[in-house]
Trainee: 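Could you have a look at this structure, given as structure tokens, before my questions?
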Amino acid sequence: MKTMHKLLIFALLVVGRVTCLDNGLALTPPMGWMNWQRYRCETDCVKYPDECVSEKLFMTMADRMAADGYLEAGYNYIIVDDCWSAMERDEEDRLVGDPIRFPSGMKALADYVHNLGIKFGLYGDYGTYTCAGYPGSLNHLELDAQTYASWGVDYVKLDGCYSDSDTMEAGYAEYGRYLNATGRPIVFSCSWPAYQETAGEHSNYEALKKTCNLWRNYGDIQDSWSVVHAITAWFVQHQDRLAPHSAPGHWNDPDMLIIGNFGLSLEQSRAQMTIWCLMAAPLIMSVDLVNITPAMKDILLNKEAVAINQDALGIQGEVIIYTNSIQVWRKPIMFQGSDKETSYALGFISYRDDGVKYAMEYTLEELGLNNPNGYDILDVFTGMEWTATSKIKVRVPPSGAVFLKATVR
Ligand SMILES: *[C@@H]1O[C@H](CO)[C@@H](O)[C@H](O)[C@H]1NC(C)=O
């Protein structure tokens with residue numbers, strides 16, 4: 001009986017090992033820049049030469065990533081979203097870049113960003129068309145995976161428009177096998193749960209972990225606080241179901257950072273950064289890096305915030321208290337290389353609108369912080385430091401955040 005028991009545990013461990021995609025990538029949440037939220041599908045390069053989806057846009061943004069500290073901070077993927085390809089495949093059925101907007105071709109663009117030390121990501125769609133109506137990969141899955149690898153693609157975002165959501169689980173897995181067969185390490189970002197979950201179905205996260213490094217769980221982000229709030233509310237509502245699937249190599253993805261665009265105030269931008277870092281979400285900026293203000297840039301480059309997001313334990317933080325319209329998020333983080341869950345990042349997110357910084361006080365016990373000697377507290381955005389032995393007091397700005405690191409002492 002005892003041997004049987006051991007064998008069973010062994011079998012479970014072995015099975016457990018092979019149920020996750022094992023390409024050695026995305027051991028921390030991917031970071032980078034993607035055009036969609038800020039530039040959408042602007043294709044008119046005559047009227048909008050600096051804003052159209054073109055090789056010039058990506059070369060400009062890659063230059064800024066390398067020169068302005070983003071790459072150094074960890075933002076190391078530049079990802080081309082929808083609307084990059086020609087409307088027709090070539091004579092050999094291969095996808096090709098739009099000849100007017102990407103005249104040098106996709107390989108040349110990949111080479112350009114690689115020379116800056118940046119990795120290259122490219123969008124595709126599992127269905128017959130992309131969401132914007134460009135050619136999809138269905139019926140060409142293997143050829144497209146091979147084409148991407150031959151161009152030097154390091155990250156594929158595979159969308160799911162114009163496909164049957166019942167076929168996605170098997171279809172994405174097939175595409176994943178073709179990516180693997182190319183021999184090139186390629187981060188695989190899947191969109192299939194977004195189609196199922198927004199339709200009210202629960203996706204199969206065990207299957208997702210087997211195939212994908214990250215996956216979009218829910219609807220697209222838009223340039224407003226109300227959508228940041230709606231996406232956050234959905235992830236909190238489903239946190240018990242989703243958070244256990246987030247770990248090194250595979251991540252829940254609530255979509256891009258909109259920090260620095262038109263829709264969020266400074267405090268709201270800090271709040272998005274706080275939530276995304278605590279959720280161990282991919283940090284994919286989508287912003288004009290040429291014209292971004294220094295204050296917004298500081299949020300994206302905040303070293304402590306990024307370090308919390310990139311913590312090697314890879315635990316997705318969760319909301320543990322929600323009173324007075326203020327959420328308290330808690331994410332266990334590593335302490336001095338030990339994987340004991342003894343230190344924490346804490347986020348206090350206000351959905352209030354009453355115009356004052358709202359004062360809240362929490363006992364360490366309420367926060368689940370049980371070290372008898374207390375904690376060294378660092379305010380991530382102000383740099384203030386203090387020691388907490390019994391309580392943590394915060395004043396949270398309306399639709400804003402206080403972001404703390406509590407290190408065990
Ligand atoms: C392909 O899959 C195998 C088995 O999971 C893995 O060991 C290998 O690293 C993968 N190769 C690439 C290039 O992803």
Side-chain angles (χ1 to χ4, degrees), residues 9-32 34 74-81 94-95 106-107 109-126 136-138 140-160 167-193 203-217 244-253 280-284 310 312-314:
I9 289 175
F10 178 72
L12 284 173
L13 282 174
V14 169
V15 172
R17 294 256 293 271
V18 297
T19 54
C20 285
L21 171 61
D22 177 28
N23 59 7
L25 301 172
L27 298 180
T28 60
M31 296 175 64
M34 183 154 66
Y75 295 92
N76 61 346
Y77 287 90
I78 190 162
I79 305 152
V80 179
D81 209 290
R94 285 174 310 205
L95 292 170
M106 304 316 283
K107 170 137 192 350
L109 182 55
D111 290 346
Y112 183 89
V113 306
H114 286 156
N115 282 335
L116 294 168
I118 300 172
K119 294 182 189 304
F120 184 64
L122 191 58
Y123 172 101
D125 190 287
Y126 169 64
S137 287
L138 204 62
H140 299 92
L141 294 175
E142 185 171 17
L143 176 63
D144 290 356
Q146 287 169 351
T147 304
Y148 282 31
S150 76
W151 289 340
V153 168
D154 307 295
Y155 178 122
V156 174
K157 173 184 174 181
L158 194 66
D159 213 336
T167 67
M168 286 178 169
E169 196 174 304
Y172 274 77
E174 184 186 345
Y175 187 89
R177 287 193 293 277
Y178 297 140
L179 283 181
N180 180 280
T182 68
R184 187 174 175 83
I186 299 176
V187 171
F188 192 16
S189 166
C190 299
S191 295
W192 99 70
S203 294
N204 178 354
Y205 287 88
E206 294 305 326
L208 278 156
K209 285 188 287 190
K210 223 188 252 182
T211 295
C212 317
N213 292 113
L214 64 157
W215 48 80
R216 282 283 314 286
N217 306 67
H245 301 295
S246 167
H250 42 90
W251 310 96
N252 293 303
D253 178 6
L283 298 181
I284 311 291
Q310 296 286 299
L313 295 178

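If you read the sequence from its start, that first residue is 1, and numbering goes on from there. Indexing begins at 1, ligand by ligand and atom by atom, following the structure's order.
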Trainee: Determine, using ring centers only, whether Y172 and Y126 are less than 6.0 Å apart.
Mentor: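 Under 6.0 Å, so yes.
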
Trainee: May I ask whether G183 places a heavy atom under 4.0 Å from ligand 1?
Mentor: yes

Trainee: Looking at R94 and D144, is there a salt bridge between them, counting it only when a charged N and a carboxylate O are closer than 4.0 Å?
Mentor: no

Trainee: Under a 3.5 Å cutoff, is there a donor and acceptor pairing between the side chains of Y123 and D159?
Mentor: yes

Trainee: Can you pull out the closest protein heavy atom to atom 9 (O) of ligand 1? Residue, atom name and distance to 0.1 Å, please.
Mentor: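 Going atom by atom, the protein heavy atom closest to atom 9 (O) of ligand 1 ends up being D22 O, 3.4 Å.
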
Trainee: In the protein, what heavy atom is nearest to atom 3 (C) of ligand 1, and what distance, to one decimal place, separates them?
Mentor: N180 ND2, 3.6 Å

Trainee: Can you find a protein heavy atom under 4.0 Å from atom 13 (C) of ligand 1?
Mentor: yes

Trainee: For H245 and K209, test the side chains for any donor-to-acceptor distance below 3.5 angstrom and give the result as yes or no.
Mentor: yes

